[in-house]
Amino acid sequence: MHLNDFALAAHAWPFEEARKLLKRVEKRGGSREVIFETGYGPSGLPHIGTFGEVARTTWVRRAFTLMSKAPTRLLAFSDDMDGLRKVPDNVPNQEMLREHLGKSLTSIPDPFGTHTSFGAHNNARLKAFLDRFGFEYEFLSSTECYKSGRFDKALLTVLAHYEKVRDVVLPTLGPERKATYSPFLPVSQKTGVVLQVPVLEWNTERGTIVYEEDGKKEECLVTGGRVKLQWKADWAMRWLALGVDYEMAGKDLISSVELSSKIVRAIGGTPPEGFNYELFLDEQGQKISKSKGNGLSVDEWLTYGTEESLALFMFQKPRVAKKMYFDIIPRAVDDYIAFLELYRTKETAPEQRLENPVWHIHGGKPPEEAYPVSFALLLNLVSASNAHNREVLWGFIRSYAPDASPEANPGLDKLVGYAIKYYDDFVKPTKKYRAPSDKERAALAELAEKLRGFATERDAEKVQFEIYEIGKRHQFEPLRDWFKAIYEVLFGQSQGPRFGSFAVLFGCSETAALIDRALKGEFVSAE
RNA sequence: GAGCCCGUAGCUCAGGGGUAGAGCAUUUGACUUUUAAUCAAAGGGUCCCGGGUUCGAUCCCCGGCGGGCUCGCCA
């Protein structure tokens, strides 16, 4: 059996999607290229949903290429010709933007002052975002498509079916919008504003519409970027013009997809394949919205977890509304590790491997690497052992996995970095250092002296023995109080690692220096 | 009003026509001349309810109930 046959029988959802697409392509006949599209709204700063949509589309695309020889292309389409409806509150130069309300984003100066227009700025941000993850795509600007004439033929087709399109849309509108609705929104010659005005006449022969501006009738061509389509018609026209075969959308767009599908049929096209993925929720089950600032951002995720773990989260159950909040990151990381481990060791048959998320996440080539310890263990270790630098944490890791090393386990080494970041941001702030009592001070000073003598000692038991001796000599009763004092004064927490092991890993001289600093009160005053 | 998703262990969730699963939590044990961590083990479920299909349903179908989200402005 060839990989192609396995793909045809595979159950992972990208293959289910790809088979839908394969049927469509076979029905169409010929071998023209297959077009995948993802779209971005004008408010368009990239967010976690953007990542999800492009990643998911890419997985379907890859699954498809296993089944078909037809060439594929992924279009990242920016709706940068849309009129600016309201001024976003997270950008500078609010006053300036207010003056340009209603104009296309590509006709408005960049409030950040770094690009030729607001639209160009957003596009650059989008592209940088996609490039950061190495997505393979072709960027398309709506404005360019309109102005270059790329959409002209499809625009004239919409004009030729003007009444049909209108009749499809009108029943879905409320009474007041019904009165003014037109699929064509002329761009004002005077102001550049995308006008929402009724179309008074349309002329298929001349390729024009007639509308009224400032009490005067204007006639203009629907081609060449002089007229933009209202968005649902726009979407349909774009599917036709670009020959889009596959596009997924969030659940919030279900009714829009339905309507745009009707429109594209009305103008002689076929709506693309695709499905509606569920939205993400926050910890309380509320929808994640940028304005509320709930849920997680891509940056937040990637601060505490790997890109692969985020990809896995996006891969699993795209049709289920999943809660997305901080606590799920470690689990996603460990789930990824578990899948990778399965892939390396148990699931070596091709038909099994195609079902494994890591196959999709890594485009068919998951890394060979082993993860001898889990991320959950690292997170426990980093706070339990106070091992807040890489070397010490690696020392503790080796006590679990003697053969592991940063060189042999670069992935694990990355996790070490995330664990330390977690420690710095969440564990460290909860630490409460205290000053030692006189008795404790004397004992600690003696311990420091002893450790200096040990210098490069590697035997943890030997060091541990001396710690006990010092504790007993200073009459700590129970002896536990001695250890508690060590942790509270040196680490700012009431429990910690076996101190002998810690000293050996951290270095006896270094540990002595740590005690000196604590006795000088450096940690207490650092609060 | 329309549509979508969810309901499985105390919690968070995975699974899927044939003996019910994980992590965390709980309990016990091992290792520890302090803890934590770690390791081993155990307990814990009417798989929301009712019908149907089936030799067999937690799973598939239909109908409920409960929880949540989205749409019905604009994009």
Side-chain angles (χ1 to χ4, degrees), chain A residues 11 39-44 79-86 102 105 142 171-177 181 185 194 196 228-235 249-260 275-289 313 316-323 325 327-328 330-335 338-339 357 373-387 393 396-397 399-401 460-461 464-469 471-472 476-488 491 493-502:
Chain A
H11 292 105
Y40 311 92
S43 60
D79 271 316
D80 58 5
M81 194 165 164
D82 286 33
L84 181 68
R85 320 208 90 265
K86 59 171 193 236
L105 279 110
S142 176
T172 68
L173 299 174
E176 66 280 7
R177 279 288 285 142
Y181 178 81
L185 310 174
V194 182
Q196 305 221 25
K228 189 195 174 306
L229 291 188
Q230 184 273 342
W231 91 284
K232 286 169 196 172
D234 197 41
W235 207 0
K251 168 178 96 157
D252 50 333
L253 295 183
I254 288 175
S255 56
S256 305
V257 173
E258 281 170 2
L259 186 61
S260 292
F275 75 99
N276 294 287
Y277 53 84
E278 261 284 1
L279 274 20
F280 295 111
L281 311 175
D282 70 6
E283 190 166 5
Q284 274 71 44
Q286 300 301 301
K287 179 195 174 186
I288 287 182
S289 79
F313 186 78
Q316 289 179 308
K317 297 201 172 203
R319 282 180 229 260
V320 172
K322 287 185 294 185
K323 291 182 187 172
Y325 55 99
D327 303 36
I328 65 165
R331 180 176 173 170
V333 173
D334 278 332
D335 283 352
F339 278 121
V373 302
S374 70
F375 192 45
L377 175 61
L378 283 187
L379 291 177
N380 280 329
L381 209 53
V382 77
S383 48
S385 69
N386 207 60
L393 189 48
F396 280 98
I397 291 170
S399 67
Y400 292 100
E461 281 312 307
Q464 184 79 1
F465 176 78
E466 291 302 331
I467 299 169
Y468 286 124
E469 286 306 306
K472 279 190 262 183
F476 282 94
E477 191 58 44
L479 197 56
R480 189 180 162 175
D481 286 345
W482 165 226
F483 286 96
K484 240 180 120 190
I486 292 175
Y487 298 132
E488 287 172 355
F491 297 158
Q493 53 195 37
S494 60
Q495 50 196 29
R498 279 179 69 79
F499 201 72
S501 317
F502 173 83

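By convention in this document, chain letters (A, B, ...) are assigned in the order of the sequence lines, proteins followed by strands, and residues within each chain are numbered from 1. Hydrogens, waters and symmetry mates play no part in the numbers below; they use all other heavy atoms, side chains included. These numbers come from a predicted model, not from an experiment.
- Between A:D481 atom CG and B:U33 atom P there is a gap of 19 Å when expressed in whole angstrom units.
- Looking at the side chain of A:N380, the nearest of the listed nucleotides B:A37, B:C74, B:A75 is B:A37.
- The heavy-atom pair separating A:K232 from A:L259 by the smallest distance is CD-CD2, 3.3 Å.
- Between A:F491 and A:F499, the two ring planes are tilted [angle within 30° to 60°].
- Between A:D234 and A:K228, the closest side-chain pair of non-hydrogen atoms falls below 4.5 Å.
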For nucleotides 20-25 of chain B, read 5' to 3', which letter fits each nucleotide if B means a protein heavy atom sits under 4.0 Å from the base, S means only the sugar-phosphate is that close, and - means neither?
------
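- Mapping A:K322 and A:R319 onto RNA chain B by nearest heavy atom places A:R319 at the nucleotide closer to the 5' end.
- Listed candidates were B:U33, B:C69, B:U32. Nearest to the side chain of A:L281 is B:C69.
- An OP1 or OP2 oxygen of B:U33 is reached within less than 4.0 angstrom by no side-chain nitrogen or oxygen of A:Q464.
- Counting any heavy atom pair closer than 4.0 Å across all strands shown, A:F396 reaches no nucleic acid atom.
- On the C1' atoms, B:C13 is 30 Å away from B:G52, given to the nearest whole Å.
- A 4.5 Å side-chain heavy-atom check between A:V257 and A:W235 finds at least one atom pair inside the cut-off.
- Using N1 to N3 plus N6-O4 or O6-N4 for Watson-Crick, or N1-O2 and O6-N3 for G-U wobble, each under 3.5 Å, B:G43 pairs with nothing.
- Following rounding to the nearest Å, A:Y400 (OH) and B:C31 (P) show an atom-to-atom distance of 17 Å.
- Ring geometry for A:F275 against A:Y277 counts as perpendicular: the plane angle is over 60°, on a 0 to 90° scale with 30° as the lower cut.
- Across B:U35, B:U12, B:A75, the shortest atom-to-atom separation from the side chain of A:Y325 is found for B:U12.
- What separates CG of A:L377 from P of B:A37 is a distance of 11 Å, to the nearest Å.
- The side chain to side chain donor-acceptor pair (under 3.5 Å) with A:E278 is formed by just one residue from the set A:K317, A:K322, A:K251; it is A:K251.
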Write down the protein N/O and nucleotide N/O pairs, taken from nucleotides 70-72 of chain B, whose separation is under 3.5 Å; answer none if there are no such pairs.
| residue | atom | partner | partner atom | Å |
| --- | --- | --- | --- | --- |
| B:C71 | O2' | A:S255 | OG | 3.1 |

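- No side-chain heavy atom of A:F502 sits less than 4.5 Å from a side-chain heavy atom of A:I486.
- By the stacking rule of 5.5 Å between ring centres and under 30° between planes, A:Y468 stacks on the base of B:U33.
- Residue contacts for A:P497: at a heavy-atom cut-off of 4.0 Å it reaches a base atom on one of the strands shown.
- Here the P atom of nucleotide B:C73 and the CH2 atom of A:W231 are 14 Å apart, to the nearest Å.
- Pair assignment for B:C13 gives B:G21, based on Watson-Crick or G-U wobble hydrogen-bonding distances that are each under 3.5 Å.
- With P as the reference atom, B:U58 and B:C48 are 10 Å apart, rounded to whole Å.
- Using a 4.5 Å cut-off on side-chain heavy atoms (C-beta onward), A:Y468 and A:F483 make contact.
- Summarising the geometry, the separation between CD on A:E278 and C1' on B:G3 is reported as 11 Å, rounded to the nearest angstrom.
- Residue A:Y487 is classed as a base contact, given a heavy-atom separation below 4.0 Å to a base.
- Comparing atom distances between the A:K323 side chain and each of B:U34, B:U32, B:C13 picks out B:C13 as nearest.
- When the C1' atom is compared between B:U27 and B:C5, the two are found 37 Å apart, to the nearest whole Å.
- B:A22 and B:G16: their C1' atoms are spaced 15 Å apart (whole Å).
- Taking the P atoms as reference points, B:A9 lies 9 Å from B:U46, given to the whole Å.
- The two residues A:I397 and A:L381 make their nearest non-hydrogen contact at N-CD2, 4.3 Å.
- The same atom, C1', is picked in B:A57 and in B:A75; the two are 45 Å apart, to the nearest Å.
- By the 4.5 Å heavy-atom criterion applied to side chains, A:D79 and A:L105 are not counted as neighbours.
- Considering every non-hydrogen atom in both A:L281 and A:A321, the closest pair reads CD1-CB, 4.0 Å.
- Nucleotide B:G63 forms a Watson-Crick or G-U wobble pair with B:C49, both donor-acceptor distances falling under 3.5 Å.
- In this structure, A:D335 atom CG and B:U12 atom C1' are separated by 12 Å, rounded to whole Å.
- Distance, A:F499 CZ to B:U34 P: 16 Å, rounded to whole Å.
- Comparing A:A376 and A:K317 along RNA chain B, the residue whose closest nucleotide (by nearest heavy atom) sits nearer the 5' end is A:K317.
- No donor-acceptor pair under 3.5 Å is formed between the side chain of A:W231 and the backbone N or O of A:D82.
- Atom OH in A:Y277 sits about 18 Å away from atom P in B:C6, given to the nearest Å.
- Straight-line distance between the P atoms of B:G63 and B:C69: roughly 24 Å, to the nearest whole Å.
- Comparing the same atom, C1', in B:G44 and in B:G66 gives a spacing of 24 Å after rounding to whole Å.
- Among the protein residues, A:Q493 comes within range of no part of the nucleic acid, since none of its heavy atoms lies under 4.0 Å from any strand.
- B:C4 and B:G68 make up a base pair, with Watson-Crick or G-U wobble contacts both under 3.5 Å.
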